[in-house]
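What follows is a short report on a single structure.
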Amino acid sequence: QVQLVESGGGSVQAGGSLRLSCAASGYTYGRSCVAWFRQAPGQKREGVAAVHSGADLTNYADSVKGRFTISKDSAKNTLYLQMNSLTPEDTAMYYCAADRTARPLGTTCSLGESYAYWGQGTQVTVSS
């Protein structure tokens with residue numbers, strides 16, 4: 001049974017930074033894509049960043065490019081999202097997600113909602 005548990009959310013002032021973590025159990029890193037999504041109140045969930053769990057090719061939403069960095073520690077089965085220069089528009093519930101389908105290492109991982117496994121989310125609130 002796959003379980004994804006996010007942590008690291010909180011409240012921060014605009015311009016600040018947060019680092020989110022997503023610990024996976026029952027899931028093997030190395031074959032599939034993993035990603036971060038977010039959902040603000042009244043908005044659709046949107047993909048933020050994605051990476052192949054066995055490679056380093058990343059994919060970012062335009063709204064976070066240059067500010068957010070996705071990374072992973074495969075030995076710990078943990079995914080990270082370093083968020084810098086936060087703005088109130090980044091306020092949302094942040095979710096990690098993992099793909100069930102094996103993908104080639106050169107895959108640009110999707111920011112669409114095709115992921116099989118989802119965490120419960122961690123809240124990020126940015127005040128102005």
Item checked: Same apolar cluster (I L V M F W Y, side chains within < 4.5 Å links), Met93/Met83 -> no
* Asked: Should Asp90 and Arg67 be marked as a side-chain contact (heavy atoms from CB on, under 4.5 Å) after you check the CA-CA gap, both sets of side-chain angles, and the distance that decides it?
  -> CA-CA 11 Å; Asp90 296 314; Arg67 300 188 300 122; 2.7 Å; yes
Requested in this report: Please answer: with hydrophobic residues joined when any side-chain heavy atoms are less than 4.5 Å apart, are Phe37 and Val126 in the same cluster?
Outcome: no
Discussion item. Count I, L, V, M, F, W, Y as connected when their side-chain heavy atoms are under 4.5 Å apart, and connections chain through other members. Are Val124 and Val48 then in the same cluster?
Written reply: yes
When every non-hydrogen atom of Gln43 is compared with those of Gln39, the smallest separation belongs to O-NE2, 3.0 Å
Rounding to 0.5 Å, atoms OG1 (Thr108) and NE2 (His52) come to a distance of 10.5 Å
Check: Are Leu111 and Val64 joined in one hydrophobic group, where the rule is that I, L, V, M, F, W and Y side chains link up if heavy atoms are under 4.5 Å apart?
Finding: no
Heavy atoms of Gln123 and Ala92 approach each other most closely as NE2-O, 3.4 Å
Here the gap from Tyr60 atom OH to Leu81 atom CG, rounded to the nearest 0.5 Å, amounts to 7.5 Å
Correct closest heavy-atom pair for Val2 and Gly26 would be CG2-O, 3.3 Å
Taking every heavy atom of Ser17 against every heavy atom of Ser85, the minimum-distance pair comes out as OG-N, 4.3 Å
### Query
Between the side chain of Asp73 and the main-chain N/O of Thr78, is any donor-acceptor distance below 3.5 Å?
no
Open item on the list: Surrounding CZ of Arg31 (heavy atoms of other residues, nucleotides or ligands, distance under 6.0 Å), is the total greater than 12?
Closed with: no
For Cys33 and Arg103, the nearest pair of non-hydrogen atoms, with its separation, is SG-CG, 4.0 Å
Between Ser128 and Ala14 the two heavy atoms that sit nearest each other are CA-CB, 4.2 Å
Rounded to the nearest 0.5 angstrom, the CZ-OG distance for Arg38 and Ser63 is 4.5 Å
Quiz item: With no hydrogens and no angle check, is any side-chain donor or acceptor of Glu6 less than 3.5 Å from a backbone partner on Gln120?
Solution: yes
| Short side-chain to backbone donor-acceptor contact, Ser32 and Thr101, under 3.5 Å | yes
One should read off an interatomic distance between Tyr27 OH and Asn77 CG, to the nearest 0.5 angstrom, of 9.0 Å
Taken to the nearest 0.5 Å, the spacing of Ser53 OG from Leu79 CG works out to 9.5 Å
Between the OH atom in Tyr115 and the CG atom in Leu4, the distance rounded to the nearest 0.5 Å is 12.0 Å
ILVMFWY cluster, Tyr117 and Val34 together (side-chain gap under 4.5 Å)
yes
Excluding Tyr80, membership of its hydrophobic cluster (Ile, Leu, Val, Met, Phe, Trp, Tyr; side-chain heavy atoms within less than 4.5 Å) reads none
Can you check side-chain contact (heavy atoms from CB on, under 4.5 Å) on Phe68 and Leu86, steps first, answer last? CA-CA 9 Å; Phe68 290 12; Leu86 286 161; 3.8 Å; yes
